[in-house]
Amino acid sequence: MFSGFSISIRQFTFSILLFISLSSTVFAANRIDGIRVWPAPENTRVVFDLKDKPDYKYFSLSNPERLVIDFKNSKNIVALKNLAKNDPRIKRIRTSTSKVKGTTRMVLELVENYQLTIFPLAPAGQYSNRLVVDLYDKNKKSTLVNKTNTVKSTVNTKRDVVIAIVAGHGGEDPGSIGARGTYEKRVTLKIAKELAKLINNKKGMKAVMIRTGDYYVNHDRKTKLARKSKADLLISIHADAFTSSKPSGASVLVQSPRRANSEFTRWIANREKESEMLGGAGETIKKTKDNNLAMTLADMGKEYTMGSSYDFATHAIKQLKKVTKLHKKKPEGLSLAVLKSSDIPSVLIETGFISNHQEEKKLNNAKHQRRLANAIYIATYDYFTSNPPKGTLLAATGYKKHKVSSGESLSVLAQRYKVSIAKLKSINNLKSNTVRIGQTLKIPRAG
Ligand SMILES: [Zn+2]
């Protein structure tokens, strides 16, 4: 009795399941709710918003070039007419008839044949299920990146110090969103543009913007672009967010080392002695046949990069605290993807908390954005004039620092460093010839 009853329950359950799975294919259709097109210098990203996880297939056709995507059991409610109006790679997005009932067939009419990446994204933040289509230019030399820079001084043979600036997020990725509706991606781009302007106005320095508009640049691409532009430093600009609106203030993050933090701090303190060797490690690595030595040196090279990052971060904090509250008073060592796998000294600057109401307001304010940009700019200038890379104009024209000790006068220093008293006075903004013990003076490097 019991067993017979239980069998009939099982059969009953089975037939319900069967009914549900059948009905879902027939009735419970997915829906395309939105389509966004994000043109970038080297690619276009198209994002389909869907009610449920997409069940899709795609193929390419040529003459003319097309990408066809079939969304199974889906209907489309998006008006397609002007979607790709401003895109250089997509002529038109339209639907076409599929032989499979219930399938929505999307056709992207393309200008040429692109390298293709298609992947679904799970719901996140303001977004529901998505299907992302990336169309990358093939074999095309990338037009890097800052058009204003190409005309910069070609007279001197000494190169510029190059600072790559990443405005955090962009395009499909808005970053944090404040209560007033401020998008992190917009704030970061504005600060980044101000920073680039200040850097480009300085002789001997050049900014390269890794993102110049509202589009997303993935991590590998960022690193590649920064390397290609031979960046001496990579600065990522962000604005923080927290679940509570309480925290506020800026912080600067550097890549955390694998070794213990205290040990890292000790190493940072002692690295001056070794920095020459570490900085030149590249050549030795290339030449040596000793694999162990090469690996050790390569590791030390990484640490050298981290040391420089930390140094710059300290400069950045010193300047930022003049224009904004600090969230953290020391550089934070974090293992973030943006800072990883880079042989370029890299820092990430959180310019403030977008989740804090007052700070959201400030981050939106053009004047405050300029102040933040200026603080970061002064940090780069200070850092590179005291640590100029070899072969740069700043190495020839920058200054080093000297702390005045007892018995040292301006004329003694002028003589020792082979520079005129007048020059010393002017670059240090000194009104008289008096210097005090402990005062730090800028000393011009020999030209
Ligand atoms: Zn961010």
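As the structure lists them, so they are numbered: ligands from 1, and atoms in each ligand from 1.
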> Do NZ/NE/NH1/NH2 and the carboxylate oxygens of Glu109 and Arg94 come within less than 4.0 Å?
Replying inline: yes

> Is Lys75 salt-bridged to Asp33, cutoff N-O under 4.0 Å?
Replying inline: no

Show me the donor-acceptor pairs, under 3.5 Å and distance only, between side chains in residues 368-379 and residues at least two apart or in other chains.
residue: Gln369; atom: NE2; partner: Leu363; partner atom: O; Å: 2.8

> Near the Zn ion (ligand 1), which protein N/O/S atoms fall under 2.8 Å?
Replying inline: His169 NE2, Glu184 OE2, His238 ND1

> Phe71 and ring-ring contact (aromatic ring centres under 6.0 Å, His included): which partner among Tyr56, Tyr58, Phe48?
Replying inline: Phe48

>> Applying side-chain hydrogen bond (donor to acceptor under 3.5 Å, both in side chains) to His169 and Tyr183, what does each step give before you reach the verdict?
In response: CA-CA 10 Å; His169 311 279; Tyr183 279 42; over 6 Å; no

>> Would you compute the distance between atom CG of Asp311 and atom CG of Leu233 and round it to the nearest 0.5 angstrom?
In response: 11.0 Å

